[in-house]
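Here's the structure, in structure tokens; my notes come after.
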Amino acid sequence: MQQVPETKFQTIPPRILLGPGPMMVPPRVLQAMVNPMIGYLDPDFISIMEEVSDLLKIVYSTKSATTMALSGTGSAGMEAGLNSILEPNDVVVMCIHGFFCERQFEMATRVGANVIPLRSDWGKPFPPDLLEKEIKKHKNVKLVTTVQAETSTGILQPLEDLSKIAKNHDALFMVDAVTSLGANPVEFDSVGIDYAYSATQKGLACPPGLSPAAISNNALNAIKNRQTKPSSWYLDLGLISDYWGDAHTYHHTAPVTMILALRESLKIIVEEGLQNRFDRHNLNASALRAGLEALGLTVVSQNGYRLSQITPFTIPKNIDCVEGRKILLREFGIEIGRGLGEFAEKVWRVGLMGESSKPEYVLNLLAALEKLLPRYGNEIEPGSALSAASRILSDN
Ligand SMILES: Cc1ncc(COP(=O)(O)O)c(C=O)c1O
């Protein structure tokens, strides 16, 4: 008999997950995953898919879109949109204000589209007049893209003006809602979004593995009327929407366990109420910012456009960016995120999304920072961060 190699971490050590995702997962969602297996075309499973699709309509604030959960992480949703909507040489104008906008750009170039990148400063929202000036120079722009919640910079990008400009030029509007769904309003219908994709591991408080998406009838028509087939069969939104739509035409074996998890997490969101959930995110983020500021740390995203679910701040003096995060993990069991792209080695990022957006986690992290900073010669007043945060939490 073959010797089984020694298993490491058979039981996952407990962590407080305050990075860019995955986030903490509510026990109800984990319990939903220990159901028996079921066939992906079983009529009972089809009715579960329909329930998920209806719940997604609520969180995406849409009545008319087709909603579905793509098999794959947020990047699969991104790739599905760009591969399905764009044909080689189609013109796409990309509003780029951070690391994940750059990923959209990289994917669009691989599709062979005629890509027009418009870049603006990191840590600030993308200015709509940049799009207005550029889009006029091109005929037949098929698609305008952006990221609503830029996880790399902590910026909440206003969408209304970008969408209007796209519509005025008969272009479709695609939005990355990976970090926004479940933590910010994503007003699919009223903003006029044509395709949005998200990921389960952030504001939805679910394990990673699915990309919940919504697509408008206009975008679906554009896909159905393509001259050429999308180069990816697996990520063809036309085929996937036939599987999630009324016909339920077989496409691929759905990851049923993840879909059960997503259903539970969406039910929890609807039970909490969208506005209550957004308010909770705002309150905990305000407490965190107050605590960080009391420690002399600066939040780098522009005030007025700050995401509540992700807070990038300057790394405390004399602390190595990798070593400091390691100490937080090993000594305090807290995971926070590193900086990406232009912000690499300049900032740390704290994610307070979904189940991780709780006062106790904010206070835990601030208490850990109060212990860590003086070790590296950063003078702080003991208790200052905790009391700044507690004041906000108890006032509200
Ligand atoms: C805004 C944004 N878009 C896309 C992605 C990629 O998602 P995933 O890692 O689930 O593929 C991320 C991941 O952090 C993200 O924050």
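When a ligand or atom number is given, it counts from 1 through the structure's own listing order. Residue numbers count from 1 along this sequence. Fair warning: this is a prediction, and the values are worked out from it, not measured in the lab.
Judged by distance alone, the side chains of Ser75 and Arg103 do bring a donor and an acceptor atom under 3.5 Å apart. Inspection of the Gln157 and Thr146 side chains reveals no N or O donor paired with an N or O acceptor under 3.5 Å.
Ring-centre distance between Trp233 and His252: not below the 6.0 Å cut-off. The ring of Phe173 has its center no closer than 6.0 angstrom to the ring center of Tyr195.
For atom 14 (O) of ligand 1, the closest heavy atom belonging to the protein is Lys202 NZ, 2.7 Å. Nearest to atom 3 (N) of ligand 1 among the protein's heavy atoms is Asp176 OD2, 2.7 Å. From the protein, the heavy atom lying nearest to atom 12 (C) of ligand 1 is Phe100 CE2, 3.3 Å. From the protein, the heavy atom lying nearest to atom 9 (O) of ligand 1 is Gln201 NE2, 4.0 Å.
Close approach of ligand 1 to Gly74 is summarised as follows: ligand atoms under 4.0 Å from at least one heavy atom of the residue are 7 (O), 8 (P), 10 (O), 11 (O). Near Thr179, the atoms of ligand 1 lying under 4.0 angstrom from a non-hydrogen atom of the residue are 16 (O). Close approach of ligand 1 to Ala149 is summarised as follows: ligand atoms under 4.0 Å from at least one heavy atom of the residue are 1 (C). The atoms of ligand 1 that sit less than 4.0 Å from any heavy atom of Ser75 are 6 (C), 7 (O), 8 (P), 11 (O).
In Pro208, neither the side chain nor the backbone holds a heavy atom less than 4.0 Å from any atom of ligand 1.
Not counting sequence neighbours, the partners of Leu283 by the side-chain contact (heavy atoms from CB on, under 4.5 Å) test are Ile392, Leu393, Asn396.
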Distance-only check: which donor-acceptor pairs under 3.5 Å involve side-chain atoms of residues 341-348, not counting sequence neighbours?
unit_1, atom_1, unit_2, atom_2, d
Glu342, OE2, Trp122, NE1, 3.4
Lys346, NZ, Glu342, O, 3.1
Trp348, NE1, Cys321, O, 3.1

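In terms of heavy atoms, Leu118 sits closest to Leu131 at CD1-CA, 3.7 Å.
Here's the thing with Glu150: none of its N/O atoms is less than 3.5 angstrom from an N/O atom of ligand 1. Taking distance alone, with nitrogen or oxygen atoms compared against 3.5 Å, Arg103 stays at or beyond that limit from ligand 1. Distances between N or O atoms of Met78 and those of ligand 1 include no value under 3.5 Å.
Lys224 and Asp242 are joined by a salt bridge, as a carboxylate oxygen and a charged side-chain nitrogen come within less than 4.0 angstrom of each other. Salt-bridge check for Glu102 with Arg119: passed, with a basic side-chain N closer than 4.0 Å to an acidic carboxylate O.
Here atom 16 (O) of ligand 1 lies nearest to Thr151 when heavy atoms of Val178, Thr151, Ile310 are compared.
Within the 4.0 Å heavy-atom cutoff, Ala76 does not count among the residues contacting ligand 1.
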